[in-house]
Amino acid sequence: MLDDRNWVKACDAKKVGREDVARWDHSGRSFAIFRTADDQYYATDDICTHEYAHISDGFVEGTTVECPRHAGCFDFRTGEALNPPVCVNLRTFPVKSWMARYT
């Protein structure tokens with residue numbers, strides 16, 4: 001189990017709209033931070049596994065994100081590649097939202 005010292009603050013949770021995604025860059029890498037309609041947060045690598053494109057520029061619907069370059073889709077909760085041309089899953093990261101404690 002991670003303690004609070006092992007977490008990195010990615011962004012203000014209020015800046016990620018419901019059913020949307022935000023890009024966050026940290027230590028030379030890009031991450032995509034997702035928020036669902038019911039205020040659950042998820043994080044993945046931001047670079048598509050098929051060809052270089054920022055997933056955070058993609059279209060979010062429900063719990064899927066469509067890559068803006070070739071329309072391959074991922075389930076951002078698990079990183080699972082859902083349809084061609086993507087066939088390699090996205091890496092996912094644990095997330096906790098501090099906003100949930102105060103709203």
Side-chain angles (χ1 to χ4, degrees):
M1 174 175 262
L2 296 174
D3 62 31
D4 286 341
R5 293 172 294 169
N6 293 323
W7 291 92
V8 176
K9 183 176 180 181
C11 62
D12 184 342
K14 294 177 185 175
K15 293 187 178 191
V16 184
R18 283 190 171 105
E19 297 187 274
D20 205 359
V21 58
R23 179 177 167 181
W24 179 63
D25 295 318
H26 179 68
S27 296
R29 292 182 61 188
S30 292
F31 301 88
I33 311 295
F34 298 88
R35 181 178 176 189
T36 63
D38 61 350
D39 292 327
Q40 299 298 308
Y41 292 84
Y42 297 88
T44 68
D45 274 331
D46 190 34
I47 304 303
C48 181
T49 58
H50 171 249
E51 194 168 321
Y52 191 91
H54 287 277
I55 293 297
S56 59
D57 291 334
F59 176 71
V60 175
E61 184 172 17
T63 58
T64 63
V65 60
E66 181 181 82
C67 176
R69 188 153 192 162
H70 292 111
C73 292
F74 298 92
D75 181 327
F76 59 75
R77 299 169 301 173
T78 62
E80 181 182 3
L82 299 175
N83 64 292
V86 297
C87 58
V88 176
N89 297 343
L90 284 172
R91 184 171 178 197
T92 61
F93 303 92
V95 174
K96 64 179 178 178
S97 168
W98 292 102
M99 187 176 92
R101 292 183 179 184
Y102 303 109
T103 58

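Nearest heavy atom pair, residue G62 against residue E19, reads N-OE2, 4.0 Å. Shown here for V88 and A81, the closest heavy-atom pair between the two residues is O-CB, 3.8 Å.
No donor-acceptor distance shorter than 3.5 angstrom exists from the side chain of R29 to the backbone of D45, with no hydrogens or angles considered. In this structure a side-chain-to-backbone donor-acceptor pair under 3.5 Å is present from D46 to S56.
The side-chain contact (heavy atoms from CB on, under 4.5 Å) test with Y42 singles out one residue from T92, V21, T36, and that residue is T36. The side-chain contact (heavy atoms from CB on, under 4.5 Å) with F34 is formed by just one residue from the set I55, T63, V95, D20; it is I55.
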Next item on the list: Start with the C-alpha gap between F74 and V86, add the side-chain angles, then the distance that decides, and say whether side chain to side chain contact (heavy atoms under 4.5 Å, CB included) holds.
Entry: CA-CA 8 Å; F74 298 92; V86 297; 3.5 Å; yes

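Taking the side chain as every heavy atom from C-beta outward, S30 and H54 approach each other to under 4.5 Å.
C48 contributes atom SG, which lies 11.5 Å from atom CG of D57 (distance to the nearest 0.5 angstrom). D75 CG to T44 OG1: the interatomic distance, rounded to the nearest 0.5 Å, is 10.5 Å.
Among residues two or more places apart in sequence or in another chain, the side chain to side chain contact (heavy atoms under 4.5 Å, CB included) test is passed with V16 by C11, A22, I33, R35, Y41.
Using cut-offs of 30° and 60° on the angle between ring planes, the pair H26 and F31 is tilted.
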